**Student:** 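Have a look at this one before I ask anything.
It should be emphasised that the depicted structure is a prediction, and the values quoted were computed from it without experimental measurement. Protein chains get the first letters and strands the later ones, always in sequence-line order, with residue 1 at the start of each.
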There are 2 protein chains.
Amino acid sequence: MQKRVSLKDIANKVGVSIALVSYVINGQEKEKRVGAEVVKKIREAAEELNYQPNQIARSLRMKSTKTIGLIVADIANPFFGHLARIIENEASNQGYTVIFGSSDEDQFKSESLINTLSNRQVDGFIIVPTEGTIGQIRELAKKKTPFVLVDRYFPEINASHVVLDNYRATYDATVQLINEGYRNISLCAYELDLIHMKERIRGYREAMQYNNLAENLHLVEIRPEHYKEDIGKAFDEIVAVQKESRALIFATNALSVYGLYCIQKKSLKIPKDIAFFGFDGGESFDLFDPPLSFVQQPLEEMGKESFNVLLNLINGSSKITQVMLSPALIVRNTVNT
Amino acid sequence: MQKRVSLKDIANKVGVSIALVSYVINGQEKEKRVGAEVVKKIREAAEELNYQPNQIARSLRMKSTKTIGLIVADIANPFFGHLARIIENEASNQGYTVIFGSSDEDQFKSESLINTLSNRQVDGFIIVPTEGTIGQIRELAKKKTPFVLVDRYFPEINASHVVLDNYRATYDATVQLINEGYRNISLCAYELDLIHMKERIRGYREAMQYNNLAENLHLVEIRPEHYKEDIGKAFDEIVAVQKESRALIFATNALSVYGLYCIQKKSLKIPKDIAFFGFDGGESFDLFDPPLSFVQQPLEEMGKESFNVLLNLINGSSKITQVMLSPALIVRNTVNT
DNA sequence: TTTGATTATTTAAACGTTTAAGCATATATT
DNA sequence: AATATATGCTTAAACGTTTAAATAATCAAA
C-alpha cells in the first residue's frame with residue numbers, strides 16, 4: 001500500500017494550514033471565508049495529488065462511520081442475498097456502506113457478529129434475528145444502538161421492525177387452496193420458536209378452522225437440522241393417509257424446494273396428485289410445468305423500508321416504527337386453469 | 001448511541017496511565033512488565049465496565065482496518081452469494097470483516113465502489129472485475145493495493161487471480177455430449193469481452209474442431225441486456241434448422257435457467273428432443289426430471305483460495321499467485337442412462 | 001488616530017488507540 | 001559505596017481528520 005496523500009500534504013504544497021484545506025475540501029470556503037486565491041490553489045493541489053479523504057480518521061473524529069452492519073441468517077440464501085442487495089443499493093444512495101455477516105441461525109455467531117460490528121463502530125444494524133438472541137437484541141436497545149429487525153422480530157421487545165404479515169401469507173394461501181376445492185391441506189413448517197414461523201402456522205390453522213376443516217388440520221413440523229429426513233417422513237405419511245384432495249403448503253423457500261424434490265422423487269404430479277403452494281419465488285417455481293404457486297414477499301419494500309427506518313434512528317429519531325408488509329399470492333397451478 | 005467506555009475510563013477508574021491499560025488489554029503485560037496487582041485491577045475494571053476496543057481508533061493508529069472489500073457483480077446472484085459466504089467465513093476465521101458491494105457489471109459503479117472502499121481503508125480487495133474496468137485494476141496495482149481477482153481476470157495485467165479453468169469446462173462438456181452421440185451441439189454464451197467468456201467459447205470451439213464437427217459449430221452469442229429476446233430467437237433457429245441430435249450448452253447459470261424456461265415453453269423434452277448442459281449448479285437442475293447435467297465450479301476452493309492469496313499480499317508478500325481451478329462435470333441426463 | 005468590524009488565516013484540541021522513550025525506584029553487582 | 005540492572009509506571013507523539021477559538025491583517029467608521 002502506497003502512502004496516501006493527506007490534508008497535510010496539500011497544506012504543505014500550497015503553504016497554508018491544514019484547517020484551510022479541510023474547509024475547502026468540505027465545501028465550507030464560504031462560511032469560513034477562505035480567500036478566493038487560496039481556494040483555487042487548494043483545489044488544484046488536491047486534484048493534482050489526487051487527494052482522497054481518509055474515512056477512518058474522519059469517522060474517529062466525527063463519531064460516525066457512515067457504515068451499517070447487516071446480519072442475516074445466510075447471505076448465500078437467495079432470499080437474504082436479494083434483501084442484502086436492496087439494502088446495499090439504498091445504503092449506497094444515502095452515502096452508507098454495508099458490512100455484512102451471516103449468523104447461520106446460531107445465537108453464538110450472532111453475538112460475535114454484533115460485537116465485532118459494534119467495535120467497528122457501525123452507525124446502526126439491520127438484523128434478521130435468530131432463535132435465542134432476544135438477550136442480544138435487548139442489550140442493543142439498552143445501549144441505544146440504532147437497529148431494525150427484519151423478517152422476524154420479538155414481540156416481547158418494543159423495537160423497530162419490518163416484517164411480512166406472515167399470518168396473512170399462510171391464511172390466504174390456505175383459503176386459496178380451499179377455494180380451489182382442496183380439503184386435505186397440510187402445512188410444512190419449521191419447528192422454531194420465532195414469531196414469523198409461529199404466525200405462519202397460526203395463519204394456516206385459523207384458515208382451516210374458520211372453514212370447518214379443523215379435523216383435516218395436518219401440521220408437519222420439521223426440525224431444521226433434520227429437514228431432509230423429516231420432510232421425507234412427512235411425505236410417506238401424507239401419501240399413506242390422505243388419499244385425495246391433497247395439498248401441501250410450505251412455510252419457507254428451502255422447505256419448498258426440498259419438498260419439490262421429494263414430489264419428483266415420488267413421481268407425484270402437481271397439481272393432479274397433490275397441490276403445491278410454496279414460499280418466496282425462486283427459479284424452479286417458474287420452470288415447473290405447470291408453473292407453481294407461491295407466496296411472494298415484497299422484498300423491495302422490505303429492504304428499502306428497513307434501511308429508511310434505520311436511517312431515521314441513526315439521525316436521532318427515537319420513534320419506534322413497526323411495519324408489516326402484505327404478501328402477494330402468485331397463483332398458477334390450480335386445477336381450474 | 002450511549003457513550004462507549006474507553007481505555008481512559010479504565011485508566012481513571014484504576015488510577016493508572018492509559019498506556020498501562022493498553023498493554024494489559026493487549027496481553028503485553030509480561031513484555032511491558034506491568035505489576036501483577038495492577039494487571040488484576042485493570043482486568044477487573046475492564047470487565048466491570050464491559051470495555052470493548054474501538055476498532056476505528058485502532059485502525060487509524062495501526063494503519064490496518066482488518067477489513068477487506070469484496071466487489072462482486074451482484075450479491076443477489078446465488079453464485080456470488082455463495083462465494084461471498086465462503087469468503088466471509090474465511091475472513092472471519094482470520095479476524096477480518098467484509099464490506100461488500102455489487103458492481104452490476106457496470107464500470108462506473110465499479111469505480112465508485114473501489115473508491116468508496118479505498119477511502120474506508122480496506123486492507124485489500126477481492127474483485128470480480130467487470131468489462132471496461134481494466135484501468136481501475138491497473139490503478140490498484142500501481143498503488144500497490146493488495147487485491148485478488150476472482151472468477152475473471154485480465155490477461156494483460158500481471159496480478160493475482162483465482163479462476164475456473166473455463167476452457168476445460170466447456171471443452172469437457174462438449175466432449176461429453178459428443179461421446180453421448182450428439183452432433184448438433186450449440187453453445188449459448190454472452191457477447192462479452194471478458195476472458196472467462198472468451199475461454200468458454202474457445203473450449204467449445206476447439207472441442208468441436210478436434211472432433212471433426214467444425215461444420216456443426218453453432219455459437220449463439222447473447223447480448224447481456226437482451227438475453228431473453230436473444231435466447232428466444234436462438235431457440236427458434238435451432239428448432240428450425242437442426243432436426244436431430246440436438247444439444248445445447250449454456251455458458252452461465254443465468255443463461256441456463258432462462259434456457260430451461262424456453263425449453264419448457266416450447267414443450268421440448270430433455271434429453272429426448274434436446275440435450276442440456278448447464279453451468280453452475282442450482283436447485284432447478286436437481287428438480288428436473290431427469291436431473292440435469294452441468295459444469296460445477298469448485299466454489300469452496302475459489303473462495304478460500306482467493307482470501308488466502310489476498311491475506312498473503314496484505315501481509316506484505318509481493319508474490320503474484322494465479323490459480324486456475326478445475327471444473328467438475330455433473331453428468332446426469334444422458335440418453336444412455 | 002483610535003476603535004470596531006470584517007476578512008483571512010493559524011493554532012490547538014479532540015476522537016481512542018499504540019508504543020517508543022523517559023523517569024523513578026528498588027535490587028543486584030562490583 | 002558506587003554503579004549497573006531490573007522493575008514499574010508515565011509521558012507524549014502519532015495516525016488524519018474536524019472545528020472552536022485565537023490571532024493577524026485589512027478596511028471602514030468615528
Side-chain angles (χ1 to χ4, degrees), chain A residues 1-43 45-46 49-67 118-123, chain B residues 1-43 45-46 49-67 118-123:
Chain A
M1 279 281 215
Q2 211 170 265
K3 195 199 163 299
R4 292 174 63 104
V5 334
S6 68
L7 292 184
K8 197 173 179 180
D9 297 321
I10 300 181
N12 286 341
K13 178 163 178 141
V14 177
V16 293
S17 72
I18 294 176
L20 275 197
V21 181
S22 174
Y23 294 145
V24 172
I25 296 290
N26 291 302
Q28 302 185 285
E29 64 269 16
K30 286 276 176 298
E31 305 90 299
K32 305 291 179 170
R33 308 166 310 211
V34 184
E37 186 64 16
V38 171
V39 169
K40 186 155 162 283
K41 279 203 211 150
I42 290 175
R43 287 257 165 71
L49 298 176
N50 186 28
Y51 171 74
Q52 296 291 131
N54 182 326
Q55 278 295 341
I56 294 293
R58 174 176 276 171
S59 296
L60 179 61
R61 169 64 216 232
M62 306 286 268
K63 294 179 156 296
S64 146
T65 53
K66 292 274 176 185
T67 302
S118 286
N119 295 352
R120 284 173 198 250
Q121 315 295 121
V122 295
D123 293 342
Chain B
M1 278 282 213
Q2 211 170 266
K3 197 200 164 302
R4 293 174 62 105
V5 335
S6 68
L7 292 183
K8 197 173 178 180
D9 297 321
I10 300 180
N12 286 342
K13 180 166 178 138
V14 177
V16 294
S17 72
I18 294 176
L20 274 197
V21 181
S22 174
Y23 294 145
V24 172
I25 296 290
N26 291 302
Q28 302 185 288
E29 64 268 16
K30 287 276 176 300
E31 306 90 299
K32 306 290 178 169
R33 308 166 313 212
V34 184
E37 185 63 19
V38 171
V39 170
K40 185 154 162 284
K41 279 204 213 150
I42 290 176
R43 287 256 164 72
L49 298 177
N50 187 28
Y51 170 74
Q52 297 291 130
N54 182 326
Q55 278 294 341
I56 293 292
R58 176 176 274 171
S59 296
L60 179 60
R61 169 65 216 231
M62 307 286 268
K63 295 179 153 297
S64 145
T65 52
K66 292 273 177 188
T67 302
S118 286
N119 295 353
R120 282 170 201 253
Q121 315 294 121
V122 295
D123 293 343

**Student:** So do S22(B) and Q28(B) actually touch side chain to side chain, heavy atoms under 4.5 Å?
**Tutor:** no
**Student:** When you check every protein heavy atom under 4.0 Å of nucleotides 12-23 of chain C, what one-letter string (B, S, -) results, 5' to 3'?
**Tutor:** -BBBBBBBB---
**Student:** Using a strict 4.0 Å threshold on nitrogen-to-oxygen distance, state whether E29(B) and R43(B) make a salt bridge.
**Tutor:** yes
**Student:** Determine whether a donor-acceptor pair (N or O, by modelled atom type, separation under 3.5 Å) exists between the side chain of R58(B) and the backbone of K63(B).
**Tutor:**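 No, the answer is negative, given that no donor and acceptor are paired below the 3.5 Å cut-off.
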**Student:** When the distance from NZ of K30(B) to P of dG8(D) is rounded to whole Å, what number comes out?
**Tutor:**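 That distance rounds to 10 Å.
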**Student:** Using a strict 4.0 Å threshold on nitrogen-to-oxygen distance, state whether K3(B) and D9(B) make a salt bridge.
**Tutor:**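 So K3(B) pairs with D9(B) through a salt bridge.
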**Student:** Taking atom types as modelled, find out whether R120(B) and T65(B) have a side-chain donor-acceptor pair closer than 3.5 angstrom.
**Tutor:** no
